[in-house]
Amino acid sequence: MHEAYILQNILEIAENYAKKYNAVKVHEIEVEIGQLSDVSIEALEFAMQCIERNNLFENTTLKIKKIPAKAKCNKCSHEFEIENLLSQCTLCKSFDFTVLQGNELKVLAIVVD
Ligand SMILES: [Zn+2]
């Protein structure tokens, strides 16, 4: 379960941010996770429930924004949503495509006070 490790990194980012602005509480952390990023949202949410609730993260909500995976066909230029890298173009059925989005894993916003 590498989500615990990922969460640790996310919390570190939030902690540094809070320190920088002399904040005492982190209210919300919003992260963006792409469908192809190999991160289980359920596991990440579970990891969040298990963290040690120190003062800084006492009431922190982890908001997860799921980004669907999209690709552009290299044959017919059609843009479509993909399930995984074994998907095929919904128009011409080609397997030759370029991934446009879906690999995201980043912190979008941190709300502190
Ligand atoms: Zn196509």
Side-chain angles (χ1 to χ4, degrees):
M1 192 173 119
H2 66 150
E3 282 79 7
Y5 177 74
I6 290 166
L7 179 65
Q8 215 179 320
N9 285 331
I10 293 171
L11 294 180
E12 252 175 56
I13 292 170
E15 195 175 339
N16 288 334
Y17 181 87
K19 275 184 191 152
K20 193 174 157 190
Y21 291 97
N22 292 319
V24 288
K25 300 262 185 241
V26 176
H27 287 294
E28 190 180 281
I29 305 169
E30 190 177 0
V31 293
E32 189 177 65
I33 292 172
Q35 200 184 331
L36 302 175
S37 70
D38 190 33
V39 176
S40 155
I41 288 175
E42 291 75 31
L44 196 59
E45 279 171 343
F46 179 72
M48 187 64 195
Q49 286 169 25
C50 300
I51 63 158
E52 211 180 298
R53 295 280 171 169
N54 58 16
N55 276 338
L56 192 60
F57 296 116
E58 209 181 348
N59 296 307
T60 308
T61 319
L62 184 66
K63 214 165 125 189
I64 299 171
K65 192 174 162 197
K66 194 176 176 181
I67 307 294
K70 274 193 190 149
K72 186 175 183 177
C73 178
N74 290 333
K75 288 239 165 72
C76 73
S77 294
H78 179 56
E79 286 183 20
F80 55 102
E81 277 193 21
I82 55 171
E83 284 292 311
N84 51 54
L85 295 176
L86 298 173
S87 300
Q88 53 189 144
C89 175
T90 48
L91 267 193
C92 73
K93 306 293 176 203
S94 166
F95 288 97
D96 185 15
F97 57 78
T98 306
V99 175
L100 299 176
Q101 64 170 51
N103 289 310
E104 297 79 359
L105 173 53
K106 65 180 178 200
V107 176
L108 283 183
I110 300 166
V111 183
V112 296
D113 106 346

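We count ligands from 1, going down the list as the structure has it; atoms in each ligand are counted the same way.
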So what's near the Zn ion (ligand 1), protein N, O or S atoms under 2.8 Å?
Cys73 SG, Cys76 SG, Cys89 SG, Cys92 SG

Show me the donor-acceptor pairs within less than 3.5 Å that the side chains of residues 91-105 make with the rest of the protein, sequence neighbours left out.
{"from": "Ser94", "atom 1": "OG", "to": "Asp96", "atom 2": "N", "distance (Å)": "2.9"}
{"from": "Asp96", "atom 1": "OD1", "to": "Asn74", "atom 2": "ND2", "distance (Å)": "2.9"}
{"from": "Thr98", "atom 1": "OG1", "to": "Asn74", "atom 2": "OD1", "distance (Å)": "2.8"}
{"from": "Thr98", "atom 1": "OG1", "to": "Asn74", "atom 2": "ND2", "distance (Å)": "3.4"}
{"from": "Gln101", "atom 1": "NE2", "to": "Pro68", "atom 2": "O", "distance (Å)": "2.8"}
{"from": "Glu104", "atom 1": "OE1", "to": "Gly102", "atom 2": "N", "distance (Å)": "2.8"}
{"from": "Glu104", "atom 1": "OE2", "to": "Gly102", "atom 2": "N", "distance (Å)": "3.4"}

Validation: residues 17-25 side-chain donor-acceptor distances under 3.5 Å, sequence neighbours left out:
{"from": "Lys25", "atom 1": "NZ", "to": "Asn55", "atom 2": "O", "distance (Å)": "3.4"}
{"from": "Lys25", "atom 1": "NZ", "to": "Glu58", "atom 2": "OE1", "distance (Å)": "2.9"}

Please answer whether the main-chain N or O of Ser40 pairs with a side-chain N or O of Glu3 as donor and acceptor at a distance below 3.5 Å.
yes

Quick check: does any side chain N or O of Asn9 sit under 3.5 Å from a backbone N or O of Glu12, one acting as donor and the other as acceptor?
no

Taking side chain to side chain donor-acceptor pair (under 3.5 Å) as the test, write out the residues that go with Asp113, two or more places apart.
His27

Test item: Gln35 side-chain N/O and Ala69 main-chain N/O as donor-acceptor pair under 3.5 Å:
yes

